[in-house]
Amino acid sequence: IRRLIFMLVLSISLFFLGTMIIRLVKEYHSTENVVSRLNENIIDAENELMAEIEKFQKIDLHKKNNTIDFIERNCKNLFQSSQVEILIYKNDSLAYWTYNSFPAPVIKDSENFMSNIVKTGNGIYLVKQVKKEDFVIVGLKLIKFNFKYENEYLPASFTKDFKASSQVDISLKKNGYDIKNKEGKYLFSISYKSAYELSDWLLYLVFVLYLSSLLCFVSATFFAYMYFMRDFGDRWFLLITYVIDIILIRFVQHFYNFPSDLYQTKLFSPDYYASSAILPSLGDFLINAALLLQVTFLIFKYHNTLKLLR
């Protein structure tokens, strides 16, 4: 009976742990929470841009050699560490720049940097600019990569200072999920390309927790049969009814796609594996294989105990 109670408690605990992880992660990545975080991130980014711009306001930009030396000493790794780039225009002509990630126009006209958000072929940037005498200092901070094609070398993710999933899209049209600067001016809106999907490592963790919960429940069912049916019938009747019950439990779970959070993931999509109605996905295959192994293990491990039954 102790083994029965232990396995049952462990099964329930693992199930609730997996459920709580999914709930917390989905809540963290809900559109409303992403909007809240990005609004805070934007304010921090604006402050960071202004701090970098102020550094250039304090030096004499007319002294070319001194300015270039300042850039070499203070901005050499600025983009790599903070994804910030500074452009300095003199009389609308590009005079200095700290990095070459942003496709900066050589001649600045009235349409350049009119918006606080600039979308290019490689990224989406936050923009701040300050005029100093005959210079215009433009600060840009990369928010999200925006490559036409995606692979391991061309990501589509937000940069490290913006806490949002790569599954989030940025649009310059209002949709109700709007990001604003600290003055309350509209910058952009966000939306999910599709329903949020767990990252691979988190998906495998939750799957292991749910599968472990199911296997513990299968063990608890086996010990329950041994305890409650020891005076009811012989071992063959116990084994047959036990196997039938496990098949029924698995059928009901599969029919109702329980737990639904897990069945909505790509692990249970036929894209990876599908051979029949019994094995429609890789996740179902792994569950069936684990159940078969678990039942076989229990029967062989406790076969001597089963012999004591009538």
Side-chain angles (χ1 to χ4, degrees), residues 22-53 79 81-87 99 101-105 108-130 136-200 202-203 261 264-266:
I22 288 181
R23 290 288 183 268
L24 290 173
V25 170
K26 286 192 172 183
E27 178 66 19
Y28 179 83
H29 288 285
S30 67
T31 309
E32 293 80 3
N33 284 335
V34 173
V35 168
S36 177
R37 285 198 303 276
L38 285 180
N39 276 314
E40 294 176 358
N41 298 153
I42 286 292
I43 293 175
D44 293 338
E46 285 185 315
N47 293 334
E48 182 183 14
L49 282 177
M50 288 306 301
E52 293 298 333
I53 289 173
F79 187 83
S81 61
S82 304
Q83 291 77 53
V84 169
E85 185 172 350
I86 303 294
L87 308 176
Y99 199 66
S101 172
F102 182 81
K108 181 180 180 296
D109 58 36
S110 59
E111 295 184 0
N112 296 138
F113 312 114
M114 287 291 293
S115 171
N116 293 113
I117 296 294
V118 175
K119 194 172 185 179
T120 71
N122 67 353
I124 300 171
Y125 293 80
L126 176 67
V127 180
K128 297 292 288 185
Q129 57 181 310
V130 173
V136 175
I137 307 170
V138 180
L140 302 115
K141 184 172 178 68
L142 180 61
I143 299 174
K144 187 177 190 277
F145 294 102
N146 187 44
F147 296 109
K148 185 176 181 180
Y149 301 101
E150 296 178 24
N151 56 44
E152 59 182 313
Y153 304 106
L154 302 175
S157 59
F158 283 80
T159 54
K160 61 183 180 63
D161 292 330
F162 296 90
K163 309 305 180 184
S165 165
S166 60
Q167 300 172 40
V168 173
D169 264 344
I170 287 180
S171 170
L172 300 182
K173 295 181 179 180
K174 292 185 177 182
N175 64 6
Y177 297 110
D178 304 331
I179 308 302
K180 302 176 182 179
N181 63 13
K182 59 183 176 182
E183 287 82 27
K185 183 180 178 181
Y186 172 81
L187 297 178
F188 58 88
S189 298
I190 64 165
S191 63
Y192 275 96
K193 303 174 185 177
S194 57
Y196 174 75
E197 294 184 359
L198 300 177
S199 58
D200 288 342
L202 195 57
L203 170 60
D261 288 328
Q264 292 171 3
T265 64
K266 57 187 177 182

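- Annotation: side chain of Tyr196 is not in contact with side chain of Val168 (no heavy-atom distance under 4.5 Å).
- Across every non-hydrogen atom of Pro155 and Phe147, the tightest pair is O-CD1, 3.3 Å.
- Using a distance-only test at 3.5 Å, with no hydrogens or angles considered, no donor-acceptor pair links the side chain of Asp178 to the main chain of Tyr186.
- Inter-residue side-chain proximity for Asp200 and Lys266 is flagged as met; some heavy-atom pair is nearer than 4.5 Å.
- Side chain of Asn33 to main chain of His29: no donor-acceptor pair is present (N/O by atom type, distance under 3.5 Å, no hydrogens or angles).
- A distance of 13.5 Å separates OH in Tyr99 from CG in Leu87, rounded to the nearest 0.5 Å.
- Counting only heavy atoms from C-beta outward, the side chains of Lys144 and Phe162 never approach each other to under 4.5 Å.
- Taking the side chain as every heavy atom from C-beta outward, Leu203 and Glu197 never approach each other to under 4.5 Å.
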Exercise answer: donor-acceptor pairs, residues 169-177 side-chain atoms, under 3.5 Å, sequence neighbours excluded:
from, atom 1, to, atom 2, distance (Å)
Ser171, OG, Lys173, N, 3.1
Asn175, OD1, Tyr177, N, 2.8
Asn175, ND2, Ile190, O, 3.0

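- Within the 4.5 Å cutoff, no side-chain heavy atoms of Ile42 are placed close to those of Lys180.
- The closest donor-acceptor contact from the side chain of Ser82 to the backbone of Val84 lies at 3.5 Å or more, if one exists at all.
- Residues Asn41 and Leu38 form a side-chain contact, since some pair of their non-hydrogen atoms from C-beta on lies under 4.5 Å apart.
- Contact check on Glu48 versus Lys141 returns a salt bridge, with a Lys/Arg side-chain nitrogen under 4.0 Å from an Asp/Glu carboxylate oxygen.
- A distance of 8.0 Å separates CD in Glu52 from CG in Leu49, rounded to the nearest 0.5 Å.
- Here the shortest heavy-atom pairing between Ser157 and Ser166 reads CA-CB, 3.8 Å.
- The side-chain heavy atoms of Gln83 and Lys160, taken from C-beta on, include a pair separated by under 4.5 Å.
- Annotation: side-chain hydrogen bond (donor to acceptor under 3.5 Å, both in side chains) contacts of Tyr192 (sequence neighbours excluded): none.
- Remark: Ile143 CD1 to Asp161 CG distance equals 11.0 Å, nearest 0.5 Å.
- With sequence neighbours excluded, the residues that form a side-chain contact (heavy atoms from CB on, under 4.5 Å) with Val130 are Met50, Ile53, Gln57.
- To the nearest 0.5 Å, the span separating CG on Leu126 from CD1 on Ile179 amounts to 11.5 Å.
- A distance of 12.5 Å separates NZ of Lys128 from CD1 of Ile86, quoted to the nearest 0.5 Å.
- Side-chain contact between Phe102 and Val118: present, with at least one pair of heavy atoms (C-beta onward) separated by less than 4.5 Å.
- Asn146 and Lys119 share no side-chain donor-acceptor pair at under 3.5 Å.
- Distance check, rounded to the nearest 0.5 Å: CG of Leu142 to CD of Glu85 gives 9.5 Å.
- Distance alone, capped at 3.5 Å, places no donor-acceptor pair between the Glu46 side chain and the Asn181 backbone.
- A pairwise comparison of heavy atoms in Val127 and Ser115 identifies CB-O, 4.0 Å as the closest pair.
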